[in-house]
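Data first, discussion second: the structure below is written as structure tokens.
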Number of protein chains: 2
Amino acid sequence: MSTPLAHIVDDDEAIRDALTWLFRTREVASAEWSSAEEFLAAWQPEWRGCIVLDIRMREMSGLECFDVLQEQGNTLPVIFLTGHGDVPMAVSALKKGAFDFLEKPFEDNALVDVVIRALAKDAKRQASQASQASVANHLALLTPREQEVMNLVLAGKFNKVIADELSISMRTVEVHRARVFEKMGVRSAVELAQLLAPSRDKGSGSDSGEH
Amino acid sequence: MSTPLAHIVDDDEAIRDALTWLFRTREVASAEWSSAEEFLAAWQPEWRGCIVLDIRMREMSGLECFDVLQEQGNTLPVIFLTGHGDVPMAVSALKKGAFDFLEKPFEDNALVDVVIRALAKDAKRQASQASQASVANHLALLTPREQEVMNLVLAGKFNKVIADELSISMRTVEVHRARVFEKMGVRSAVELAQLLAPSRDKGSGSDSGEH
DNA sequence: GACTCAATTGTGGTCATCCGCAGTGTGGAA
DNA sequence: TTCCACACTGCGGATGACCACAATTGAGTC
């Protein structure tokens with residue numbers, strides 16, 4: 001199991017050591033990576049925690065690393081560290097979904113606070129995603145026909161009408177319907193609607209932002 | 001009705017004129033305000049569009065103006081303009097929900113693009129909020145007893161059980177239930193659940209759920 | 001060929017929902 | 001006082017939902 005970790009990605013060993021020590025004294029578990037490439041090679045989508053990413057590194061920069069991560073579906077909050085960032089860089093990073101953007105030198109407390117908030121955010125995201133994934137798993141257990149019937153049930157149609165539209169008997173609809181309820185772990189169409197309602201929205205927001 | 005406007009808030013008349021001219025040539029409707037105070041005094045929550053806010057102004061700064069707006073429930077996207085912003089300022093503004101943060105000098109095209117995206121975002125937000133408000137209006141038509149029954153219906157309970165919990169007859173529950181459907185403009189509990197699924201908090205829940 | 005699984009259908013019955021009809025009682029507004 | 005909105009109730013019937021029991025067919029697997 002992956003424990004939540006603050007992943008420190010920086011090619012400066014002195015800084016890595018300092019951050020590792022800082023996090024250890026604040027009881028924040030962390031891991032060290034000496035380059036963006038090394039981190040990307042190891043990165044797994046199921047990791048939890050957050051990423052503390054230095055912008056200026058010898059090979060791949062932190063910003064490039066961030067882009068690659070986002071393409072690969074990373075959901076971990078990313079905190080950028082930079083010695084000489086400019087405003088457009090910070091704005092771009094945040095608009096692309098970075099969690100925060102800190103200029104060196106920064107207060108130890110400030111960084112730790114941000115990391116702790118990032119860890120909390122990831123934990124929350126993880127929780128809500130877990131329940132959504134569970135629904136998706138149950139949904140995957142349904143046969144095509146069952147899904148078809150389910151959709152019509154959710155459209156509020158009577159079994160009679162569903163039978164008609166699918167050109168099958170009412171009895172068959174009842175059987176499918178019962179199996180859908182059973183497999184989805186609900187006891188009524190109302191519960192089913194509520195279970196599926198949150199995940200039935202369209203479009204993922206691009207940029208967002210509440211805090 | 002309020003047309004979507006790009007509200008230009010800047011105490012420098014030359015800049016206001018330039019922006020107004022720029023927007024007009026791009027067919028973006030705009031309005032001018034010569035100070036944060038003037039804008040705040042006129043501001044109405046139902047306005048649509050976006051706000052182009054200069055940071056450095058004589059009296060109240062753009063950042064202060066932004067804080068006041070957020071407190072008052074502003075939902076319009078805010079685009080900051082600044083001649084000499086620093087990274088922490090930009091980061092803070094974006095994390096507090098600003099739409100964008102542009103440093104002068106900027107390309108005309110860049111600003112117009114941002115404004116157009118901001119207007120689009122507001123239009124989208126407005127649309128989704130409208131349907132939500134409509135649901136709220138319908139909910140407000142329900143009598144207290146009807147809302148109570150509705151919550152129990154949405155909990156997936158049988159009329160019999162609802163009658164029991166409220167210590168009334170089944171027939172009365174049926175009457176309330178029918179009125180709820182009628183007033184909410186739905187024809188079944190499933191439709192009701194879907195209508196209310198995105199936005200809802202528990203009220204008057206007696207016992208909690210199982211499953 | 002035996003076996004599993006998805007899809008299909010019927011019978012007959014129970015329980016829940018929905019509705020029209022016909023009322024009672026209460027508290028506030030005109 | 002009259003009118004009205006709200007809450008409440010009973011009866012009986014039509015319709016829908018759910019279920020146990022019992023089967024058939026075709027596709028794909030072992």
Side-chain angles (χ1 to χ4, degrees), chain A residues 134-197 200, chain B residues 134-197 200 202-211:
Chain A
S134 158
V135 171
N137 285 341
H138 285 222
L139 223 44
L141 291 178
L142 301 180
T143 68
R145 203 53 158 172
E146 284 163 358
Q147 297 199 25
E148 215 167 342
V149 171
M150 185 189 75
N151 287 328
L152 294 171
V153 167
L154 289 176
K157 301 186 176 176
F158 296 140
N159 287 353
K160 184 194 294 184
V161 178
I162 297 173
D164 216 56
E165 291 191 13
L166 298 180
S167 300
I168 55 181
S169 76
M170 248 185 69
R171 186 66 187 87
T172 306
V173 174
E174 289 174 18
V175 171
H176 286 318
R177 186 179 180 130
R179 282 213 195 294
V180 167
F181 288 171
E182 183 191 336
K183 288 182 179 177
M184 297 300 291
V186 298
R187 285 181 54 254
S188 70
V190 176
E191 285 182 28
L192 187 65
Q194 289 173 338
L195 189 66
L196 265 48
R200 288 225 146 185
Chain B
S134 157
V135 171
N137 285 340
H138 286 226
L139 271 180
L141 291 179
L142 300 179
T143 67
R145 203 54 157 174
E146 284 163 357
Q147 296 200 24
E148 215 168 342
V149 170
M150 185 189 75
N151 286 328
L152 295 171
V153 167
L154 289 176
K157 301 184 178 179
F158 296 138
N159 288 351
K160 185 194 296 184
V161 178
I162 297 173
D164 215 57
E165 292 191 10
L166 298 181
S167 301
I168 55 180
S169 77
M170 249 185 71
R171 188 64 187 89
T172 305
V173 174
E174 289 173 18
V175 171
H176 285 318
R177 185 179 181 132
R179 282 212 194 294
V180 167
F181 288 171
E182 182 191 335
K183 289 183 178 177
M184 297 301 291
V186 298
R187 285 184 58 257
S188 69
V190 176
E191 285 181 31
L192 187 65
Q194 290 174 336
L195 190 67
L196 267 48
R200 107 173 280 271
K202 280 262 178 163
S204 100
S206 17
D207 52 66
S208 61
E210 58 281 277
H211 101 285

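We name chains A, B, ... by the order of the sequence lines, and we start the count at 1 in each one. Atoms considered below: every heavy atom in the structure, side chains included; atoms not considered: hydrogens, waters and symmetry mates. Since the structure is predicted, the reported quantities are computational estimates derived from the model, not experimental observations.
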N/O to N/O distances under 3.5 Å, protein versus nucleotides 25-27 of chain D:
none

Nearest-Å distance for atom pair [atom1]/[atom2], residues [X] and [N]:
| X | N | atom1 | atom2 | value |
| --- | --- | --- | --- | --- |
| Q147(B) | dC6(D) | CD | P | 12 Å |
| L141(B) | dA5(D) | CG | P | 14 Å |
| L192(A) | dA17(D) | CG | P | 14 Å |
| F181(A) | dA17(D) | CZ | C1' | 9 Å |
| L166(B) | dT9(D) | CG | C1' | 15 Å |
| R179(B) | dA7(D) | CZ | C1' | 10 Å |

Grab the N/O contacts between the protein and nucleotides 11-15 of chain D below 3.5 Å, and write none if there aren't any.
residue: dC11(D); atom: N4; partner: R171(B); partner atom: NE; Å: 3.0

Worksheet entry | Taking every non-hydrogen atom, the tightest pair across A189(B) and L154(B) |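 Heavy atoms of A189(B) and L154(B) come nearest at O-CD2, 4.5 Å.
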Practice prompt. Specify the closest pair of heavy atoms between Q194(A) and A193(B), including all atoms of both residues, with the distance to one decimal.
Written response: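 That closest heavy-atom pairing would be CG-CB, 4.0 Å.
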Practice prompt. On DNA chain C, reading 5' to 3', which nucleotide is the first and which the last to sit with an atom under 4.0 Å from a heavy atom of chain A, could you check?
Written response: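 Listed 5' to 3', the contact boundaries are dA6(C) to dT11(C).
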Worksheet item: Of V175(A) and M170(A), whose nearest nucleotide on DNA chain D comes first from the 5' end?
Response: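 Going by which nucleotide is closer to the 5' end, it is M170(A).
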Worksheet entry | Side-chain N or O of N159(A) closer than 4.0 Å to phosphate OP1/OP2 of dA17(D) | yes
Discussion item. Measuring to OP1 and OP2 of dC6(D), would you say a side-chain N or O of H176(B) lies under 4.0 angstrom away?
Written reply: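 Answer is no, no contact under 4.0 Å.
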Fill in: K183(A) vs I168(A), nearer the 5' end of DNA chain C by closest nucleotide
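Comparing both residues, the 5'-ward one is K183(A).
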Are any non-hydrogen side-chain atoms of [X] and [Y] less than 4.5 angstrom apart?
| X | Y | answer |
| --- | --- | --- |
| V135(A) | L195(A) | yes |
| V186(B) | V180(B) | no |
| I162(B) | L166(B) | yes |
| M150(A) | L196(A) | yes |
| Q147(B) | L152(B) | no |

Item to complete: Quick one: do E146(A) and T143(A) satisfy side chain to side chain contact (heavy atoms under 4.5 Å, CB included)? Show the steps, please.
Response: CA-CA 5 Å; E146(A) 284 163 358; T143(A) 68; 3.3 Å; yes
Worksheet item: Hey, does T172(A) reach any base, or is it just sugar-phosphate, or nothing, if we go heavy atoms under 4.0 Å?
Response: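 Base contact.
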Practice prompt. Provide the full list of salt bridge (Lys or Arg N to Asp or Glu O under 4.0 Å) pairs with a residue in residues 167-182 of chain A, sequence neighbours left out, each pair given once.
Written response: R171(A)-E174(A)
Item to complete: Provide the full list of salt bridge (Lys or Arg N to Asp or Glu O under 4.0 Å) pairs with a residue in residues 147-170 of chain A, sequence neighbours left out, each pair given once.
Response: R145(A)-E148(A), K157(A)-E165(A)
Worksheet item: Under the 3.5 angstrom rule, does the side chain of E191(A) hit a backbone N or O of R187(A) as a donor-acceptor pair?
Response: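 Flag set: sc E191(A) to bb R187(A) pair under 3.5 Å.
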Item to complete: Give a yes or no on whether the backbone of K183(A) and the side-chain of H138(A) come within a donor-acceptor separation of less than 3.5 Å.
Response: yes
Worksheet entry | Terminal axis angle for the helix from dG1(C)-dC30(D) to dA30(C)-dT1(D), five pairs an end, nearest 10 degrees | 30°
